[in-house]
Chemist: 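Structure incoming, see below.
In each ligand, atom 1 is the first atom listed, and ligand 1 is the first ligand listed.
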Amino acid sequence: MEQVNIALAGFGTVGTGLARIMHENGEWIRRRLGKELVIRRVLVRNPEKERSFVLGPETEITADLDSFLLAQDTDIVVELIGGIETPLRIVTGALRAGKHVVTANKALLAEKGPELFRLASELQRGLYYEASVAGGIPIVQTLKESLAGNRIRHITGILNGTANSILSDMTNNGMDYAAALGQAQRNGYAEADPTMDVEGIDAAHKLILLIRLAYGQDFPLARMGIKGISGVDPYDIELARAFGYRIKLLAIVKEHSGRLQAGVFPYLVGEDHILARVDGPFNSILLEGNGVGPIMLYGQGAGDLPTGSAVLSDIMALASGKPPNNTGFVEAVLPEASTLEPELTTTRHYFRFTALDRPGVLAAIAGVLGERSISIAQVVQKQHPVGRGVPVVFLTHTAQVRDVEAALSQINGFSFVLSPAVHYRIL
Ligand code: NAP
Ligand code: HSE
């Protein structure tokens, strides 16, 4: 049987997951492909390290990047290292040497995607990345092929398993933030630098990849509004629950008259909303196409086997010998997105002030909101004092973020406001 030789850069969580599925499903893969996939060599930092999956004698393990790149017998290079510098060298080196490439590296593709896709197109090589967005969920293939004929109206996603598992553990299990983050790191969901996960940057990278696939445009990271979950106070999780909401980190892109508005923010999501039920490391993507209508995909967004499964689907697609389709568009270079400023987003809002409990406070706050045409949907003043003040919570009807930020800045300046407003958007 014909063999397809794979060189695997990185043998950590995802690399070992990939090797395990390839081993367990070897017979099944041969039946579908009519070819045998063989991991010929593996690049790691430390070849002596004990691994959770033991490779066979057909695989050479090395820490020598040059010999890894120069090997002549490789058909597909799989990059599962993470970060930018070394992966960039591996991906460009592999493409220039005539190999197809598979990667799970969303940071690399968000930052260097245009040059890498141009190179792959010039050299007519595959550059596949199913695992880079939402782990095991087949969203790349879905947008690239299954929904290719649709105009996508919006995408709303829970795209980071670490952030979602932290928020779920804080909401459902009463865990504190640090313990919940430690748990996600031990489970192998978190990035080497977990600030990427908790500050919303990893979700923003993934959103950039989805925007390319759905809209055929390159959305610059600098123009995306991004806020993470590291500052989420358990008290707001508790108050949100009392109002019938869960806090979720959402990545959203919408099209308004040909312009794209995209951002990553913690949102209050009504407990009856389908996304409110996505817990733990699970991810979900809700989107709407003008032909297909709404679609929701749900599955494990991180972890060894789910992510390995997505990497394997790319390897099999490239090993099949069909001409590669990297971006789903004819152009090698996609145009820069026509964007709408994040401050022009209209949504509902939640604010919590800590204010002195004295006459006129609510009226003064409501006055500022009224002057900016921000309509109040609910207001509650809690009786439990926080230091010298009491918590006052407002939920608004739809209002523009720019107006809300201006109102909050004015209200934060009142002498009766003891700490600056906590502000969340409501889905
Ligand atoms: P990981 O567990 O930290 O493994 C990284 C691997 O790369 C290790 O085997 C490490 O070698 C090797 N490595 C790191 N730097 C290297 C260098 N300079 N030269 C050679 N080898 C090097 O990472 P991971 O969680 O598998 O993630 C890999 C990629 O998949 C990342 O891009 C990540 O964003 C992406 N991803 C991860 C998940 C997930 O659930 N973990 C999900 C989707 C996408 P040693 O083992 O010798 O240290
Ligand atoms: N660190 C990422 C997450 C891995 O937690 O979702 C999957 O991309």
Side-chain angles (χ1 to χ4, degrees), residues 7-20 41-53 55 61-69 78-91 102-112 129-137 139-140 157-168 180-181 183-207 209-210 228-229 249 251 264 278 280-285 299-311 314:
L8 181 55
F11 201 58
T13 302
V14 184
T16 51
L18 169 67
R20 178 165 286 123
R41 58 190 50 74
V42 163
L43 176 75
V44 288
R45 258 179 313 220
N46 175 10
E48 308 306 322
K49 196 172 172 183
E50 205 174 309
R51 310 280 164 179
S52 64
F53 182 85
L55 292 154
I61 303 184
T62 178
D64 181 354
L65 177 56
D66 291 326
S67 74
F68 178 88
L69 285 175
V78 180
E79 186 280 305
L80 299 174
I81 283 185
I84 303 284
E85 203 180 313
T86 305
L88 183 62
R89 225 182 121 194
I90 291 172
V91 173
V102 174
T103 179
N105 192 330
K106 52 273 166 159
L108 178 72
L109 292 180
E111 292 191 20
K112 306 285 181 189
Y129 45 99
E130 184 62 74
S132 62
V133 185
I137 300 176
I139 182 63
V140 172
I158 292 177
L159 298 182
N160 186 272
T162 301
N164 202 50
S165 63
I166 292 172
L167 291 172
S168 301
L181 171 58
Q183 185 67 51
Q185 287 178 296
R186 282 190 295 282
N187 288 340
Y189 309 143
E191 297 301 308
D193 173 5
T195 52
M196 305 290 275
D197 297 292
V198 298
E199 299 306 346
I201 299 157
D202 177 75
H205 285 155
K206 291 168 178 167
L207 187 57
L209 304 198
L210 293 185
I229 61 153
L249 185 68
V264 176
V278 176
F282 279 77
N283 282 191
S284 184
I285 297 144
Q300 295 188 67
D304 55 357
L305 295 177
T307 314
S309 146
V311 174
D314 281 346

Chemist: Using a strict cut-off of under 4.0 Å between a residue heavy atom and any atom of ligand 1, list the qualifying protein residues by chain and number.
Modeler: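 For ligand 1, the residues that come within the 4.0 Å heavy-atom cutoff are Gly10, Phe11, Gly12, Thr13, Val14, Leu43, Val44, Arg45, Asn46, Lys49, Arg51, Leu80, Ile81, Gly82, Thr86, Ala104, Asn105, Lys106, Ala131, Gly188, Glu191, Ala302, Gly303, Thr307.
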Chemist: Ignoring angles and geometry beyond distance, decide whether Ala190 reaches within less than 3.5 Å of ligand 2 through its nitrogen or oxygen atoms.
Modeler: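 Not met; the criterion fails.
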Chemist: For atom 5 (O) of ligand 2, what is the closest protein heavy atom, and at what distance to 0.1 Å?
Modeler: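 Result: Thr162 OG1, 2.6 Å.
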Chemist: By number and element, which atoms of ligand 2 are closer than 4.0 Å to a non-hydrogen atom of Glu191?
Modeler: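 Listed by number with element: 1 (N), 2 (C), 4 (C).
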Chemist: Under 4.0 Å from a heavy atom of Lys206: give me the atoms of ligand 2 that qualify, with their elements.
Modeler: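 Heavy-atom distances to Lys206 below 4.0 Å select 2 (C), 3 (C), 6 (O), 7 (C), 8 (O).
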Chemist: Show me the donor-acceptor pairs within less than 3.5 Å that the side chains of residues 78-89 make with the rest of the protein, sequence neighbours left out.
Modeler:
unit_1: Glu79; atom_1: OE1; unit_2: Thr103; atom_2: OG1; d: 2.6
unit_1: Glu79; atom_1: OE1; unit_2: Asn105; atom_2: ND2; d: 3.3
unit_1: Glu79; atom_1: OE2; unit_2: Ile81; atom_2: N; d: 2.7
unit_1: Glu79; atom_1: OE2; unit_2: Gly82; atom_2: N; d: 3.2
unit_1: Arg89; atom_1: NH2; unit_2: Asp66; atom_2: OD1; d: 2.8

Chemist: Run through Thr162, Asp202, Val198, Asn160 and flag the one making a side-chain contact (heavy atoms from CB on, under 4.5 Å) with Glu191.
Modeler: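 The residue from Thr162, Asp202, Val198, Asn160 that satisfies side-chain contact (heavy atoms from CB on, under 4.5 Å) with Glu191 turns out to be Asp202.
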Chemist: Does Asn160 approach ligand 2 within less than 4.0 angstrom via side chain, backbone, both or neither, non-hydrogen atoms only?
Modeler: both
Chemist: With a cut-off of 4.0 Å, which atoms of ligand 2 are near a heavy atom of Gly301?
Modeler: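 Listed by number with element, the hits are 7 (C).
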Chemist: Just wondering, do Ile61 and Phe11 contact through their side chains at under 4.5 Å, heavy atoms?
Modeler: no
Chemist: Checking a contact table here: which protein heavy atom is nearest atom 6 (O) of ligand 2, and how many Å away?
Modeler: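 Looking at atom 6 (O) of ligand 2, the protein heavy atom closest to it is Gly161 N, 2.7 Å.
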Chemist: What protein heavy atom sits nearest atom 8 (O) of ligand 2, and how far off is it?
Modeler: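 Ranking protein heavy atoms by distance from atom 8 (O) of ligand 2, first comes Lys106 NZ, 2.6 Å.
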Chemist: How close does the nearest protein non-hydrogen atom get to atom 4 (C) of ligand 2, and which residue and atom is it?
Modeler: Tyr189 O, 3.3 Å
